[in-house]
Amino acid sequence: PVKPLSTEDREFLLNVFDSMVIDENKRLKHIIQVLKITENIAKIKEESVHINNYIVHLLQDVSNNSQVNKDNILARFAHDDDSLLHYILSQKVAALNELDDICLTIDNSINFHKLNGLSVLLNYSFQSQYIKVRLAAAQALGTIVQNNPKCQEAAFQLDAIAKIWPFINAPFTNTNTTSTNDIKCVL
């Protein structure tokens, strides 16, 4: 015999369904916020309350683990600037890799642009001192603009070519190839 779901069972079932669906626009907004985090440790320390709270939020969002404790995060990086910087860079690279995957769909690429993501990508990630961040950004940009006239036009207007051009002469072969592909997609 079929019986109506109890409130408890209904809530449980809704939570299960919600956990199976990824809100890609929410993920795009999250990625944009990750890309905006500074790589300047001194500035992070000046804005410690805001940045520390955001790092906790990032870790919770990435791991989907409600057990993450703010004190554990703060203690983990309290006296180790290199570990904090490594953590931030790894989060940026992971976010850029996720962006690359999400933007395989043209609609998501267009949504990323509408959220001002192209501007953030070009003005934050390509300014990074760290090659892994710039390389992941170049890969994501290539995916976003590939076969996508709206994003190609937006990238062109944001002067993407000038920001990519230095990578053509970079000493890393992967960077050269990725940057060349990006320029072909923008043109």
Side-chain angles (χ1 to χ4, degrees), residues 17-40 43 50-51 54-55 57-64 85-187:
F17 287 137
D18 284 344
S19 70
M20 294 175 13
V21 176
I22 296 173
D23 182 347
E24 290 178 333
N25 282 329
K26 181 181 175 186
R27 294 303 305 156
L28 289 173
K29 290 175 185 175
H30 174 74
I31 289 167
I32 290 168
Q33 292 306 309
V34 172
L35 298 180
K36 287 182 177 180
I37 293 176
T38 183
E39 296 170 4
N40 181 329
K43 189 170 183 180
H50 171 71
I51 294 294
Y54 194 73
I55 287 172
H57 171 72
L58 276 179
L59 190 57
Q60 286 176 337
D61 200 28
V62 168
S63 68
N64 291 323
L85 181 60
H86 177 75
Y87 176 76
I88 290 170
L89 295 175
S90 68
Q91 290 300 310
K92 285 186 172 195
V93 170
L96 288 162
N97 289 335
E98 182 180 1
L99 176 64
D100 188 42
D101 289 340
I102 291 173
C103 287
L104 288 170
T105 305
I106 289 177
D107 291 339
N108 287 338
S109 296
I110 292 169
N111 289 342
F112 182 70
H113 163 59
K114 287 179 181 176
L115 294 169
N116 199 33
L118 272 175
S119 177
V120 171
L121 179 66
L122 291 167
N123 292 318
Y124 285 82
S125 299
F126 281 95
Q127 304 304 319
S128 176
Q129 298 175 41
Y130 303 95
I131 190 68
K132 288 182 179 182
V133 173
R134 293 191 315 255
L135 183 58
Q139 179 65 41
L141 178 63
T143 300
I144 291 166
V145 298
Q146 185 175 1
N147 302 320
N148 189 336
K150 288 182 182 180
C151 290
Q152 289 170 353
E153 177 65 27
F156 188 76
Q157 289 176 355
L158 291 168
D159 204 20
I161 294 174
K163 293 175 179 159
I164 298 167
W165 195 257
F167 299 112
I168 297 296
N169 295 321
F172 300 98
T173 306
N174 289 344
T175 308
N176 298 6
T177 304
T178 304
S179 301
T180 303
N181 289 336
D182 290 350
I183 290 175
K184 288 190 313 190
C185 290
V186 173
L187 293 176

Value rounded to 0.5 Å, distance of CZ in Arg134 from CG in Leu96: 12.5 Å
Considering all heavy atoms, the nearest Gln146-Gln152 contact: C-NE2, 4.4 Å
Inter-residue atom distance Lys114.NZ - Cys151.SG, 0.5 Å rounding: 9.5 Å
Residue pair Asn148, Ile110: steps toward the side chain to side chain contact (heavy atoms under 4.5 Å, CB included) verdict: CA-CA 8 Å; Asn148 189 336; Ile110 292 169; 3.9 Å; yes
Non-hydrogen atoms of Cys103 and Phe112 that approach each other most closely: SG-CB, 4.2 Å
Test item: Tyr130 and Leu85 side chains (from C-beta on) under 4.5 Å apart, heavy atoms: yes
Point-to-point distance, once rounded to the nearest 0.5 Å, from CG of Leu35 to CG of Leu122: 11.0 Å
Between CG on residue Leu118 and CG on residue Leu141, distance to nearest 0.5 Å: 6.5 Å
Student check: side-chain heavy atoms of Lys29 and Leu115 closer than 4.5 Å: yes
4.5 Å side-chain heavy-atom contact, Ser128 and Glu39: yes
Side chain to side chain, Tyr124 and Ile37, heavy atoms closer than 4.5 Å: no
Exercise: identify the closest heavy-atom pair between Lys163 and Asn123: NZ-OD1, 2.7 Å
Inter-residue atom distance Leu121.CG - His113.NE2, 0.5 Å rounding: 12.5 Å
Sidechain-backbone polar pair: Thr38 side chain, Asn40 backbone, donor-acceptor under 3.5 Å: yes
Ile31 side chain reached by Val120 side chain, heavy atoms, under 4.5 Å: no
Euclidean distance, Asn97 CG relative to Ile102 CD1, rounded to 0.5 Å: 11.0 Å
